[in-house]
Trainee: 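Quick one: this structure, given as structure tokens, is what I'll be asking you about.
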Amino acid sequence: MKLPTQLPNFTLPEFFARFGQRLPQLPPTLALITALNLALGRLLPREPLEPLLGKRLAIRVSDAGLTLRFAYGERGFRPSFGSVAADLTITARTRDFLALLAREEDADTLFFNRRLQMQGETELGLLVKNTLDAIELPHVTLNSLAPAQALQHLRRILSGARNSGA
Amino acid sequence: MSSLAPLELVCPAGTLPALKAAVDHGADCVYLGFRDETNARNFNGLNFDDAALAEGLRYAHARGRKVFLALNTFPQADNWQRWTGAVDRAAKAGVDALILADLGLLDYARRNHPRLRLHLSVQGSATSYEAINFYRERFAIQRAVLPRVLSLAQVAEVIAHTDVEIEVFGFGGLCVMVEGRCSLSAFTTGTSPNCNGACSPAKSVRWEQTAQGMETRLNGVLIDRYADSERAGYPTLCKGRFTVDEATYYAIEEPTSLNTLELLPQMVEIGIRAIKIEGRQRSPIYVAQVTKVWRAAIDACRRDPAHFSPQPNWMAELNKVSEGQSHTLGAYYRPWK
Ligand code: SF4
């Protein structure tokens, strides 16, 4: 199974943002850090990520009302709790995060177009971006990172949201 | 038509996937740098170590393409060996050319690796054929990358008076015309593109969403504020908005990108040998998108230069990935002479 080769430009309906905020954020955070920890030391090299040690990161998926907070330490990624502000917060829509993951968009392009925001320690953001860019990631291995069902689910959301986008 | 000199497309690579994207989409040459201040895109996580360079060279050479290594910053007295070491590593790895700016390094490379092809970097700021011919005579440079300050007529004048191949920038972010000499970043952050390889280093950059818009600060200094509807640019001082005599505007330079696609036939006609695409800091997808468009354009121009005109979808694709609100022909189309 493959992600669509060109992601349509969509925004999730308002509904997601309103309800997403009220849902527990832990399960999606766990899903993300599980994937990251699986990749760590294999796809994702540890050495360039050293400056991230002890840092709190937040990924805000604006149109889904999701904020995934996690930290990176010696033992890998873990969820981060509490109200301490993240050292780096990256904000974008679902569609744009997916496009970045699938390497269909350049982060600077999204930034120029105001579709990607970075607040906090910019250097960490650049490091993450460059480290991800340096990974040799053929399209197929992207799929192997996530369970097949999740992708199936994603595709359903994608096709449902396709016509509601900006 | 086939009498036209071949025009090389020289594309950027900050990572191995970007190099492969450039090669796969039609770059004739790829330029890159090592992971330190010996090159002008010294950013965390970017650039090539020896293993990545070896793999990049293998990939490009297997497909008949070339790899140039940029050592385009200026060493200081206490770190000279880092730069000469980089020259030696590049020579040993088997790069097709070194892109150098510093006179001392040109001399070092010439003496120690006489068979290695040398290109004069844009950072060398040579704008006259007299200067370029001097570099040729002293260091046997085979190509010079011209600073983005000359009009096409001036470029033609240079080409007419030198045997050195001339490479020019065709697309990408612009620096305000003082290549190799700008000290705006050093003034605000203590880090200069010319010695440390980074203009506006990320550690000094902060973006903050405020009630008035998104603010960009460089080492605490407010350099721009964007309304929600405005496109953003890189956080460089030259492209900031400042208040001068009560008016707030781009006091130094507007954040636009260079795009010379429509000048291709003239560029070929005056004998430019290579067109360079800016952007080693960008992702593999940018390299793929831009390389693809330029490859198509150069091929179309080669087939039929008289009827060449940039296709709207090429321009749209390039505008999409550009910094700032618009693109410009830069100095190439200025009336000055
Ligand atoms: S401040 Fe502007 S002109 Fe100066 S080096 Fe940086 S990008 Fe170039």
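Order of the sequence lines fixes the chain letters, A, B, ..., with proteins taken first and strands second; residue numbering starts at 1 for each chain.
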Trainee: Against chain A, work out which of B:Pro235, B:Ala227, B:Ser229 has the most heavy-atom pairs shorter than 4.5 Å and name it.
Mentor: B:Ala227
Trainee: With respect to chain B, which residue among A:Leu110, A:Asp108, A:Asn130 yields the maximal number of heavy-atom pairs within a distance under 4.5 Å?
Mentor: A:Asn130
Trainee: Given side chains that start at C-beta, do those of A:Glu121 and B:Lys203 come closer than 4.5 Å, heavy atoms only?
Mentor: no
Trainee: Is a side-chain donor or acceptor of B:Ser283 paired with a backbone partner of A:Asp133 at a separation under 3.5 angstrom?
Mentor: no
Trainee: Measure from the ring center of A:Phe111 to the ring center of B:Tyr234 and say whether it is less than 6.0 Å.
Mentor: no
Trainee: Can you tell me which portion of B:Lys320 sits under 4.5 Å from chain A's heavy atoms? Options are side chain, backbone, both or neither.
Mentor: both
Trainee: Can you tell me how far apart CD1 (B:Ile285) and OG1 (A:Thr109) are? Round to the nearest 0.5 Å.
Mentor: 9.0 Å
Trainee: Counting heavy-atom pairs under 4.5 Å with chain A, which one of B:Leu16, B:Val205, B:Asn47 comes out on top?
Mentor: B:Val205
Trainee: How long is the gap from OG1 on A:Thr122 to CG on B:Asn44, to the nearest 0.5 Å?
Mentor: 12.0 Å
Trainee: Rounded at 0.5 Å granularity, tell me how far CD in A:Glu105 sits from OH in B:Tyr286.
Mentor: 14.0 Å
Trainee: Kindly say whether B:Arg282 contributes a backbone atom to a donor-acceptor pair with the side chain of A:Asp106 at under 3.5 angstrom?
Mentor: no
Trainee: Identify the two heavy atoms, one from B:Trp207 and one from A:Met118, that lie closest to each other, and give their separation to 0.1 Å.
Mentor: CB-O, 3.3 Å
Trainee: Step through the shown structure and confirm whether more than 12 heavy atoms of other residues, nucleotides or ligands are within 6.0 Å of CZ on B:Arg65.
Mentor: yes
Trainee: Distance check, rounded to the nearest 0.5 Å: B:Gln209 atom CD versus A:Gln117 atom CD?
Mentor: 5.5 Å
Trainee: Quick one: closest heavy-atom pair of B:Ala202 and A:Leu126, and the distance?
Mentor: CB-CD2, 3.7 Å
Trainee: With a 4.5 Å cut-off on side-chain heavy atoms, are B:Arg206 and A:Gln119 touching?
Mentor: no
Trainee: Is chain A contacted by the side chain of B:Ser204, its backbone, both, or neither, given a heavy-atom distance below 4.5 Å?
Mentor: neither
Trainee: Would you check if A:Asn113 and B:Arg231 make a side-chain contact, meaning some heavy-atom pair closer than 4.5 Å?
Mentor: yes
